[in-house]
Amino acid sequence: MELFFNPFDNLVCILLGISFTVWFTLLLVFIIVPAIFGVSFGIRRLYMKTLLKVFEWATLRIERGAKEKNHLLYKPYSNAIIAKEPTSLEEEIKEIRRSGSNKDLDSATEFELSDIFYFARRGVESIMDDEVTKRFTAEELESWNLLTRSNYNFHYISLRLTVLWGLGLLIRYGFLLPLRVTLAFTGVGLLVFLTSIVGLLPNGRMKNFLSEKVHLMCYRICVRALTAIITYHDSENKPKNGGICVANHTSPIDVIILASDGCYAMVGQIHGGLMGVIQRSMVKACPHIWFERSEVKDRHLVAKRLSDHVEDKSKLPILIFPEGTCINNTSVMMFKKGSFEIGATVYPVAIKYDPRFGDAFWNSSKFGMVNYLLRMMSSWAIVCSVWYLPPMSREEGEDAVQFANRVKAAIARQGGLVDLLWDGGLKRAKVKDTFKEEQQKLYSKMLVGTQEDRSRS
Amino acid sequence: MGSSSSISSAHLLRLYDRFESLDRDNRGCLSPDDFEALGGLAMNPIGGRIMEAFFSSGQDTVDFSSFVRILAHFRPTDRNRNKEGAQQELPSSRTRKLKFAFQLYDMDRDGKISREELLQVLRAMLGLQVTEEQLQSIAERAIQEADLDKDDAISFDEFKKSLEKTDIDTKMSVSFLK
């Protein structure tokens, strides 16, 4: 039996071969080579501008559709669901009583049955909307960015809009996603491979120089793998050796964003699997600080290793995220004081993502890591701004907590984020009783305070 | 909801988002743990009692419709214009709110606020900031003022009567942002 080679098969093979070559050349020229040298063609910015125009159009269409049907649009507000009045406990309880009696209030502020209204209302308000929980859900947008995950007004979409959305879907999953996954694999693969090679060299200036170049190059490829469009501000304040860089934390991508613009020593726990392989090869090229799982609990050990590292001026600045967990990028939560006790110079960095293109927040209770990365790679782009703030040191008479709060306030101010006193760990743990005591104190001052006056007179 | 100012679908959607974000283990219903994780509720002196209102029918989970039903107590009341053109609260919504507040006091749901129950609520609201004597005297005075049939407890009607002039609507309402 002879096998007939269909001339068609030949043609298909040739076409495939050509498109593959073209694809790879484009990839190389437009993405990988600029990444190696750190230059940019500006393609991504053009892409960003085009997208914005499309989104605006899409939102207008939805609004028009809703108006025609005379319905109330689901208008997302990242600030509040309910109208909260900023009155104090005393004012409100007095007001409730005033409406209920004709007595002269100033002389008779004693307990009334209606006092409970205040507490009941405050309680229900916090069930409906509170400062902490909403920081852990994705920020809501005013305009629609053609991703179904951020649209709640489905029934107002016209045919044209649906077509546009379908086109967007096709582009994102058919073209962008494979492209990005390829780049991601390239970037990670190169990182592991090249750092292992550099690790073979003897310690010295050559090694440090090469390690820097290798790290930067691979991170830049990863940045392009996410189509991250980053604007760096105030680069003159970039962290220097012997310092600690602190930043607000929104997602694991923060690391890639910062590390593609400068070289840092990472801190973290050693993981197994792919992560572990990457970590182990990175540390061959330059000293990062990886902890075994058991060592993480030992605060003294951690502090010692960190301070040893900063004292050695030839080592890179440490990158730390003091919030300890991912926040949704509308606020900054309490900084853990550990990194502020060491006494090194702190270089604060503020990272603010533009949510219009894709939500970068990692809700670790909702999505696993792989799921999250897939979502990131199938969004339009990740646009963010990074501000390098001037270095800060602990002042005389300031303890670690106050210093941490000062740095946090600076970061919040620069990034336009809300500065909260709450602990990010609150999303999992229970609240301390001291807050409740304060409420009780305020109320009792109202009641008992007046009783004391009466007994005096 | 059946009244002229029922919760709009946009607001309902917001509440559903809120419900979902509180439901941390994604079971489609809320458990006491989910409420306890709320900072604002935990620091409220009667937070525990408010939580009880959601779990009152003996179950240990709250689904979305029960969630909305309880929160609906705090809707701004419907108002009617009477003949003179002045606005009056609809008696039914006012009674609903009063009932809710009454149940915050009346823990055993026997329809009366006993002296003991009043003391418990006062202790919750004041914590350790007042002495036992002060607490007793406050409770004594409150019962004397409201208890009209002298049975040493405050029934729902007595409760209603003592608050008949109070503006319940604004003080027990939570309004949505438009």
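In what follows, chains carry the letters A, B, and so on, assigned in the order in which the sequence lines appear, proteins first and then strands, with residues in each chain numbered from 1.
Taking all atoms of both residues into account, the shortest heavy-atom contact from B/I46 to A/A120 is CD1-N, 3.9 Å.
For chain A, no part of B/A53 is nearby; none of its heavy atoms comes within less than 4.5 Å. With a 4.5 angstrom heavy-atom cutoff, B/I70 does not touch chain A via any of its atoms. With a 4.5 angstrom heavy-atom cutoff, B/F19 does not touch chain A via any of its atoms.
Residue A/E125 holds its CD atom at 10.5 Å from CD1 of B/I50, rounded to the nearest 0.5 Å. Summarising the geometry, atom CE belonging to A/M128 is positioned 5.0 Å from atom CG belonging to B/L15; distances are rounded to the nearest 0.5 Å.
Ranked by non-hydrogen atom pairs under 4.5 Å with chain A, the options B/L98, B/L122, B/I113, B/V121 are led by B/L122.
A/Q440 contributes no side-chain N or O that, together with a main-chain N or O of B/P45, makes up a donor-acceptor pair within less than 3.5 Å. At distances below 3.5 Å, at least one donor-acceptor pair connects side-chain atoms of B/N44 with backbone N or O atoms of A/F119.
At least one side-chain heavy atom of A/I127 sits less than 4.5 Å from a side-chain heavy atom of B/F67.
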Item to complete: Show your reasoning for whether side-chain contact (heavy atoms from CB on, under 4.5 Å) applies to B/L163 and A/F117.
Response: CA-CA 11 Å; B/L163 292 171; A/F117 289 178; 3.9 Å; yes
